[in-house]
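To start, the structure under review is shown below, and the notes come after it.
Only heavy atoms go into these numbers, but all of them, side chains included; no hydrogens, no water, no symmetry mates.
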Amino acid sequence: MTGLSGGGAAAPKTRRSGGARPPAATARRRGGRRPPGRRNLQGWLFSTPFLVLFGVFMLFPIVATLWMSFTDFGVRNVRRPLEAEFVGLGNYAKLLGDETFRTALFNTAYFVVVGVPLTIVLGLLVALLLNNGIDRARTFFRVGFYAPVVTSIVAVAVVWRFVLDPSDGLVAGLAAELGMKAPDFLGSETWAMPSLILMAVWRNLGTVMVLFIAGLQAIPTEVREAARLDGAGAWHELRRVTVPLLRPTMLYATVITTIGYLNVFEEPFVMTQGGPSNATLTVSLDMYREGFNFFHMGYASAMAYVLFVVIMGITVLQLRLLKDNTR
């Protein structure tokens with residue numbers, strides 16, 4: 001009996017009500033997830049600077065321009081914009097009978113139909129050469145082809161004006177050496193638009209080249225080696241292996257190039273101002289004239305939304321036609 005009471009195992013102690021919490025419970029409370037509402041609030045707080053900038057500089061102008069397209073907003077309404085007269089679809093109906101706008105729309109379509117395939121095909125050829133055909137100074141050539149993309153349009157315009165000058169230009173000098181006379185490229189209704197297309201292809205070739213180089217480097221070498229072992233030549237390898245695997249890259253390059261060419265503004269604005277005789281007038285340049293030269297803000301806004309619908313429709317059509325081939 002004395003052994004049980006004095007030298008036996010001690011009875012378990014009971015935890016006092018005012019004692020410290022167990023370490024595991026404290027860790028669970030401190031390391032547990034935060035309430036969803038608090039996490040959402042923190043996310044919105046971090047996003048606030050972007051949302052403010054987006055709302056002021058993007059969302060508000062978009063909504064304001066849409067409202068202006070249904071009014072006769074002009075320079076007289078800058079201080080009192082709400083006093084602009086609502087004309088409904090009048091601006092859009094006026095566009096249908098505007099011969100200058102139809103000319104600009106045709107010129108833009110011409111620029112896209114000719115310029116986009118040239119840019120894509122030449123970009124692919126340059127990418128193939130730089131990825132497979134050239135071993136030395138590869139970085140130098142890549143930088144050289146990409147340099148026009150990051151070059152100022154003013155510098156580009158100066159260079160191309162010198163190249164295409166009918167009297168003292170580089171092309172005129174080469175033609176004179178061959179006993180021929182170079183045409184006035186920028187002053188001729190026949191040659192002005194092809195000259196601008198050539199300049200745009202030269203400027204945007206680097207972007208497409210970089211995209212295709214990235215796509216080519218993503219193709220597994222085992223696929224090419226298997227095609228060569230099966231007896232495929234260079235042409236069959238390009239046609240049956242390389243191009244099909246590059247279709248997602250080609251889709252992206254085609255879409256962004258088409259969108260850029262539909263918005264073409266810098267080339268005709270700097271080089272020809274839309275001339276001669278509106279031969280290089282594009283929708284973006286016509287929109288700029290109506291809005292900032294003639295101060296027909298409502299009419300220019302309607303042009304902007306017509307161009308937006310055209311770009312959206314063509315982009316959706318391209319995605320549907322080309323996306324099926326990328327699967």
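Phe101 CZ to Met303 CE: the interatomic distance, rounded to the nearest 0.5 Å, is 6.0 Å. To the nearest 0.5 Å, atom OG1 of residue Thr119 and atom OH of residue Tyr261 are 3.0 Å apart. Atom-to-atom distance recorded for Thr257:OG1 and Leu205:CG is 10.0 Å, nearest 0.5 angstrom. Separating the CG atom in Leu186 from the CE atom in Met271 is a distance of 4.5 Å, to the nearest 0.5 Å. For the atom pair CZ (Phe265) and OH (Tyr288), the distance works out to 6.0 Å, reported to the nearest 0.5 Å. The distance from atom NE2 of His296 to atom CE of Met287, rounded to the nearest 0.5 Å, is 15.5 Å.
Linking ILVMFWY side-chain heavy atoms closer than 4.5 Å, directly or via other members, places Ile311 and Leu319 in a single hydrophobic cluster. In the hydrophobic clustering of this structure, Trp235 groups with Leu124; members are Ile, Leu, Val, Met, Phe, Trp, Tyr whose side-chain heavy atoms approach within less than 4.5 Å, directly or through other members. There is no path of hydrophobic side-chain contacts, each under 4.5 Å, that joins Phe50 to Phe46. The hydrophobic cluster containing Val158 does not contain Phe269, counting ILVMFWY residues as joined when their side-chain heavy atoms lie under 4.5 angstrom apart, directly or transitively. Linking Ile, Leu, Val, Met, Phe, Trp and Tyr residues whenever their side-chain heavy atoms come within less than 4.5 Å leaves Leu59 and Val52 in two separate clusters.
A 4.5 Å side-chain heavy-atom check between Leu128 and Leu238 finds at least one atom pair inside the cut-off. When side chains are defined from C-beta on, Asp184 does not count as touching Trp191, because their heavy atoms never get closer than 4.5 Å. At a threshold of 4.5 Å between non-hydrogen side-chain atoms, the residues Pro81 and Phe73 count as touching. At least one side-chain heavy atom of Ile62 sits less than 4.5 Å from a side-chain heavy atom of Tyr305. Contact annotation: the side chain of Val156 never approaches that of Pro148 to less than 4.5 Å [non-hydrogen atoms, C-beta and beyond]. Taking the side chain as every heavy atom from C-beta outward, Ile213 and Arg142 approach each other to under 4.5 Å. Taking 4.5 Å as the limit, every side-chain heavy atom of Trp202 sits out of range of all side-chain heavy atoms of Leu198. Within the 4.5 Å cutoff, the side chain of Arg102 has no heavy atoms near those of the Asp98 side chain.
Listed for the Asn278 side chain is no donor-acceptor partner under 3.5 Å among the backbone atoms of Leu281. In terms of modelled atom types and a separation under 3.5 Å, the side chain of Thr282 and the main chain of Val264 share a donor-acceptor contact. Put simply, the side chain of Thr108 gets close to the backbone of Val283: a donor and an acceptor are under 3.5 Å apart. Between the side chain of Asn263 and the backbone N or O of Ile259 there is at least one donor-acceptor pair closer than 3.5 Å. Side-chain atoms of Asn107 come within 3.5 Å of backbone atoms of Thr103 as a donor-acceptor pair (strictly under, hydrogens ignored). Looking only at distances, no side-chain donor or acceptor of Glu290 sits under 3.5 Å from a matching main-chain atom of Asp286. A side-chain donor-acceptor contact under 3.5 Å links Ser152 to the backbone of Val154.
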Next on the checklist: What verdict does the side-chain contact (heavy atoms from CB on, under 4.5 Å) test give for Ser301 and Leu66, after you've listed the backbone C-alpha separation in whole Å, the side-chain angles of each residue and the deciding distance to 0.1 Å?
Outcome noted: CA-CA 7 Å; Ser301 300; Leu66 179 61; over 6 Å; no

**Item:** Verdict with supporting geometry, Gln318 and Thr258, side chain to side chain donor-acceptor pair (under 3.5 Å)
**Value:** CA-CA 10 Å; Gln318 286 178 332; Thr258 303; 3.0 Å; yes

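Side chains of Tyr92 and Ser69: a donor-acceptor N/O pair is present below 3.5 angstrom, by distance only. Inspection of the Asp72 and Tyr299 side chains reveals no N or O donor paired with an N or O acceptor under 3.5 Å. The closest side-chain donor-acceptor pair between Glu85 and Thr71, if any, does not fall under 3.5 angstrom. A side-chain donor-acceptor contact under 3.5 Å links Thr280 and Thr272.
Nearest heavy atom pair, residue Phe212 against residue Ile120, reads CE1-O, 3.7 Å. Nearest heavy atoms, Ile197 versus Phe111: CG1-CD1, 3.7 Å. Of all the heavy atoms in Thr48 and Trp44, the pair that sits closest is OG1-O, 2.7 Å. Shown here for Met199 and Trp160, the closest heavy-atom pair between the two residues is CA-CZ2, 3.9 Å. In terms of heavy-atom proximity, Asp165 sits nearest to Ala172 at O-CB, 3.5 Å. Scanning both residues, Ala175 and Ala182, for their nearest heavy atoms gives CB-N, 3.9 Å.
Using a cutoff of 4.0 Å between basic side-chain nitrogens and carboxylate oxygens, Glu267 and Arg203 are scored as salt-bridged.
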